[in-house]
Amino acid sequence: MTLSTNLALAIITKTKTYGVFSMVRIEFLGPIQKASIELEASSLRDVANQLHHDKEVREWLETAAVAVNDTLVASLDTPLKAGDKVSLLPPVCGG
Amino acid sequence: MTLSTNLALAIITKTKTYGVFSMVRIEFLGPIQKASIELEASSLRDVANQLHHDKEVREWLETAAVAVNDTLVASLDTPLKAGDKVSLLPPVCGG
Amino acid sequence: MVELYDGALDVPTILQRWYEEEAMSNYGAYIPFIGTVRAEDEIDGLSFDIYEPILASWFDAWQQRAKEAGALVKMAHSRGDVPLHHSSYIAAVFSPKRRVALETIDLFVEDFKASAPIWKYDLKDGERIYAKDRSTPISGSGLLKG
Amino acid sequence: MVELYDGALDVPTILQRWYEEEAMSNYGAYIPFIGTVRAEDEIDGLSFDIYEPILASWFDAWQQRAKEAGALVKMAHSRGDVPLHHSSYIAAVFSPKRRVALETIDLFVEDFKASAPIWKYDLKDGERIYAKDRSTPISGSGLLKG
């Protein structure tokens, strides 16, 4: 194989890994008045894209933090697998 | 009167004010193991001069703060009058 | 473990229990912070939602951080409605050292305000209104805004 | 008024009384600092001398300073002997504001340590030994050294 063939394969592999769409659950916490939903997604980017079409949720995307399986995450490239739980956490005020 | 006469009078007046020796009580607080004593003094400077001759007390003079009638003071020129109470407060550690 | 209670906290009982729990631990300083519902903006009280799994991991991370500083943290919080002049929050620090205790209670309470997954609502005329203006976006928020 | 007690403080009772005294004052934050005698250097306990007139004026000045910041301070201290693992000191701040309360308790406790006319002794083998090395000269000390 040539170097460029290797590179092409690597890209295909990567695309494939990120390309597996699985069913994940989206939970809306605190004041977001919405029952949880299920979506097909391979990464948080897919979740973001789909939630932008949801009028009720869109306004919260600016200020909500995101957790995957109860761990806060910082990258849209965070991969998702079947059964993962994605939580949206709006601004907090304990105490 | 000339200016120098005025000045001389002022100095005499000042000296006189500070020169009245009155009986004052000296209290030793906290760990200074000494009963209170009475001294003749016109200002804290006189108290300092006399306490320097007291072996038991001398070692505390470096670190003790001073109150006259229960108010902390910062000047050796603080005048004293009959019945004043001078307190020596060694280093503190509440709590 | 964070202690969660339905409704207002029994402050004297919690403060006493924590004090007695650590009575023989040889800490020299114990600093509780007690948060009480104030009468303002004509509210009748406050109400709280808590997302427990992330609160637990946030608190565990703090317990570890406190331990490394030579301190111990405890926390209690209300779920649901808390009337005026009742308390909804107690955070506490124990440490052998005064400075560590004073600095840790400050950092702990401030980070709690900024990060703990708890949502506050004003109770007003029978309604439960999200306290949006007093709320703080969690660090890293806006990830999905695209 | 500073509260002075012979021997160890009854911490739960004092914390509860102060909490209840201010229950309707509409403060949002209550932060007590509790100081407890630690087992160290093989001591059997601590003992305290207090000079009350200057403690009272120091505390009055603090009460005024706290008032200007929008806060209230309270304080209790032991006189005489306090055994290991018992408490000798409680300082507390109340304020409508969290930041004011956190900053005031820190300043109040530190100034107390530096300025309050209280002397500490180690109780060791039946002796009462001045804790010289842990003590702080009051600001302005050394005036009479000449």
Side-chain angles (χ1 to χ4, degrees), chain B residues 24-80 83-95, chain D residues 2 4 9 33-38 46-61 75-79 82 87-91 108-122 128-146:
Chain B
V24 300
R25 199 168 82 249
I26 318 293
E27 285 192 348
F28 305 95
L29 300 179
I32 316 181
Q33 298 287 323
K34 188 177 168 72
S36 47
I37 58 176
E38 300 215 314
L39 289 180
E40 295 267 349
S42 69
S43 74
L44 274 185
R45 199 178 301 277
D46 301 326
V47 174
N49 290 338
Q50 293 175 70
L51 292 183
H52 269 273
H53 300 294
D54 186 323
K55 268 190 173 174
E56 277 175 293
V57 172
R58 197 191 303 156
E59 60 170 317
W60 294 99
L61 299 183
E62 283 284 330
T63 54
V66 183
V68 174
N69 300 328
D70 296 332
T71 299
L72 290 167
V73 295
S75 168
L76 278 179
D77 293 325
T78 307
L80 296 174
D84 278 352
K85 176 175 70 173
V86 175
S87 310
L88 268 69
L89 296 91
V92 295
C93 187
Chain D
V2 177
L4 300 178
L9 302 181
F33 175 106
I34 298 103
T36 299
V37 178
R38 301 189 65 228
L46 294 174
S47 190
F48 298 91
D49 285 345
I50 300 180
Y51 185 60
E52 298 185 28
I54 292 183
L55 182 64
S57 54
W58 171 84
F59 185 74
D60 288 348
M75 194 188 123
H77 204 287
S78 296
R79 267 188 298 236
V82 180
S87 301
S88 52
Y89 174 50
I90 315 180
F108 182 54
V109 167
E110 291 299 327
D111 189 49
F112 166 82
K113 279 282 176 187
S115 309
I118 302 181
W119 295 277
K120 180 179 284 179
Y121 305 82
D122 290 334
R128 192 172 189 258
I129 306 155
Y130 175 48
K132 188 178 176 181
D133 295 347
R134 279 126 67 205
S135 298
T136 308
I138 294 174
S139 170
S141 65
L143 182 64
L144 300 183
K145 74 173 181 281

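Just so it is clear, the values below take in all heavy atoms, side chains as well, and ignore hydrogens, waters and symmetry mates. Protein chains get the first letters and strands the later ones, always in sequence-line order, with residue 1 at the start of each.
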So which of E27(B), E62(B), R45(B), R58(B) has the biggest tally of heavy-atom pairs under 4.5 Å with chain D?
-> E62(B)
Flag yes if more than 12 heavy atoms outside K34(B) fall under 6.0 Å of its NZ atom; otherwise flag no.
-> yes
Which region of Y121(D), side chain (C-beta onward) or backbone (N, CA, C, O), has a non-hydrogen atom less than 4.5 Å from a non-hydrogen atom of chain B, or is it both or neither?
-> side chain
Atom of T63(B), atom of P137(D) and distance for their closest heavy-atom approach = O-CB, 3.9 Å
Where do Y51(D) and S87(B) come nearest, in terms of heavy atoms and distance?
-> OH-OG, 3.9 Å
L44(B) portion near chain D, given a 4.5 angstrom heavy-atom threshold | both
Which bit of T36(D) is near chain B, if near means a heavy-atom gap under 4.5 Å: side chain, backbone, both or neither?
-> neither
Considering non-hydrogen atoms only, spot the tightest contact between S88(D) and G95(B) and give its length.
-> OG-O, 3.2 Å
State, to 0.1 Å, how close K113(D) and C93(B) come at their nearest heavy-atom pair, and which atoms those are.
-> NZ-SG, 4.5 Å
Quick one: what part of S57(D) sits under 4.5 Å from any heavy atom of chain B, side chain, backbone, both or neither?
-> side chain
Among L144(D), L55(D), I34(D), L46(D), the residue with the most heavy-atom pairs under 4.5 Å to chain B is L144(D)
Return the option, out of F33(D), Y130(D), Y89(D), with the maximum number of heavy-atom pairs under 4.5 Å with chain B.
-> Y130(D)
Considering only heavy atoms, which portion of A114(D) lies under 4.5 Å from any heavy atom of chain B: side chain, backbone, both, or neither?
-> backbone
Picking from D49(D), I50(D), I138(D), what satisfies side chain to side chain contact (heavy atoms under 4.5 Å, CB included) with V92(B)?
-> I138(D)
Examine distances only and state if a side-chain atom of W119(D) and a backbone atom of P91(B) form a donor-acceptor pair shorter than 3.5 Å.
-> yes
With a 4.5 Å cut-off on heavy-atom pairs, point out which of S78(D), S139(D), P53(D) contacts chain B the most.
-> P53(D)
Exercise: identify the closest heavy-atom pair between A67(B) and I54(D) | CB-CD1, 3.5 Å
Mind listing the closest non-hydrogen atom pair of L76(B) and L143(D) along with its distance?
-> CD2-O, 3.4 Å
